[in-house]
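First the structure, in the form of structure tokens, and then the observations on it.
Computed over heavy atoms, backbone and side chain alike; hydrogens, waters and symmetry mates excluded.
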Amino acid sequence: MASSDKPEIVDRDVKEKDHKEDDKDEEKGGFIDKVKDFIQDIGEKIEGAIGFGKPTADVTEIHFPTINLEKADIVVDVLIKNPNPVPIPLIDINYLIESDGRKLISGLIPDAGTIRAHGEETVKIPIHLVFDDIKNTYDDIKPGSIIPYRIKVDFIVDVPIFGRLTLPLEKTGEIPIPYKPDIDLENIKFERFSFEETVAVLHLKLENKNDFDLGLNALDYEVWLSDVSIGGAELAESTKLDKNGINYVDIPITFKPKDFGSALWDMIRGKGTGYSMKGHINVDTPFGAMKLPISKEGGTTRLKKSKEDGGDEDDEVL
């Protein structure tokens with residue numbers, strides 16, 4: 001045999017060897033694929049026979065039970081449906097609230113309960129958002145503004161056959177960072193004047209510094225003139241405070257001038273009278289009801305008589 005024939009013999013042996021190894025790999029791969037198909041088929045048959053399936057979750061509502069200057073209480077309602085014939089435990093709930101990609105708050109709720117067999121439950125996720133934490137972290141988030149948010153929630157459940165599953169959810173919306181309105185007592189106009197009892201109208205200036213309207217429903221406050229309390233009064237009717245706007249509200253009030261002592265004469269002469277106010281306003285907003293504080297320290301106003309009491313209603317009152 002010529003030397004030139006040897007490579008052909010070697011090549012044939014190698015080829016035959018390679019071919020046999022390929023056959024083995026194909027047989028091995030085919031066997032593994034058959035096992036996988038068998039397991040998947042068995043799993044589907046078991047699932048179909050005993051009714052096991054993956055649970056589903058959906059955010060049904062996000063509401064704000066409380067919003068004030070300090071915080072917002074947020075509740076996320078999530079409806080979870082369990083199609084399985086056995087209860088499934090909620091192992092963990094992870095949540096994250098972000099705004100424009102920046103984290104505002106995150107947390108973990110362990111051992112969140114159990115979803116009954118072939119049932120559904122609305123799981124409520126309470127979240128407490130502290131505004132000072134946000135404002136101290138992000139300088140560009142200002143009081144009175146409205147910011148976008150994205151809530152991400154991961155439900156981790158343990159389902160027979162499937163094992164641990166994560167059900168991810170997302171929801172977007174807007175949340176306000178409230179700012180308290182400014183209040184000034186522009187003037188007090190007498191409706192009926194006597195030393196025993198005087199009926200007057202407080203002419204209030206309210207400035208809404210928020211990027212959303214406020215529906216003013218009630219006032220809870222006290223007024224001091226010359227360090228003497230003249231009490232408070234009720235709002236006659238609700239009014240709208242336009243966003244980033246100034247509104248004027250008239251509030252009737254009754255007090256006894258004789259309680260003011262020597263300060264009364266300064267008021268009657270039309271001299272400036274020191275006053276202070278402190279209390280709260282109840283308002284409706286696009287985000288729910290709010291109770292916001294109002295306060296004014298060291299203000300100055302004037303008392304003014306009506307024409308019936310010898311005054312001139314056309315005079316400017318500062």
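Under the 4.5 Å side-chain heavy-atom criterion for ILVMFWY residues, a single connected hydrophobic cluster contains both F287 and I177. Hydrophobic clustering (side-chain heavy atoms under 4.5 Å, transitive across Ile, Leu, Val, Met, Phe, Trp, Tyr) groups V249 together with M277. Hydrophobic clustering (side-chain heavy atoms under 4.5 Å, transitive across Ile, Leu, Val, Met, Phe, Trp, Tyr) keeps L90 apart from V75. When hydrophobic clusters are built by joining Ile, Leu, Val, Met, Phe, Trp and Tyr residues whose side-chain heavy atoms come closer than 4.5 Å, directly or via intermediates, L165 is grouped together with I88. Residues I74 and I109 share a single hydrophobic cluster, defined by chaining ILVMFWY side chains whose heavy atoms lie under 4.5 Å apart.
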- Could you please spell out the steps behind the side-chain hydrogen bond (donor to acceptor under 3.5 Å, both in side chains) verdict for T137 and K103? CA-CA 10 Å; T137 304; K103 185 179 80 170; over 6 Å; no
- Is there a side-chain hydrogen bond (donor to acceptor under 3.5 Å, both in side chains) between N217 and D284 once you walk through the steps? CA-CA 7 Å; N217 294 322; D284 289 329; 2.9 Å; yes
- Item | L169 and V76: CA distance, side-chain angles, deciding distance, side-chain contact (heavy atoms from CB on, under 4.5 Å) verdict | CA-CA 11 Å; L169 299 171; V76 183; over 6 Å; no
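Expressed to the nearest 0.5 Å, how far CD1 of I156 lies from OG1 of T166 amounts to 4.5 Å. For the atom pair CZ of R116 and CG of N82, the computed distance is 9.5 Å after rounding to the nearest 0.5 Å. Atom NZ of residue K296 and atom NZ of residue K278 lie 13.5 Å apart, to the nearest 0.5 angstrom.
In this structure, the side chains of I281 and I183 stay at 4.5 Å or more apart for every pair of heavy atoms. By the 4.5 Å heavy-atom criterion applied to side chains, F162 and V157 are not counted as neighbours. Between K243 and N210, the closest side-chain pair of non-hydrogen atoms is not below 4.5 Å. Considering only heavy atoms from C-beta on, P143 stays 4.5 Å or farther from K209 through its side chain.
Y149 OH: more than 12 foreign heavy atoms inside a 6.0 Å radius.
No salt bridge links D154 with K152; every basic N to acidic carboxylate O contact stays at or beyond 4.0 Å.
L292 and P178 make their closest contact through CD2-CB, 4.3 Å (heavy atoms, listed as atom of the first residue, atom of the second, distance).
Using a 30° and 60° split on the angle between ring planes, H203 and Y248 fall in the parallel class, below 30°.
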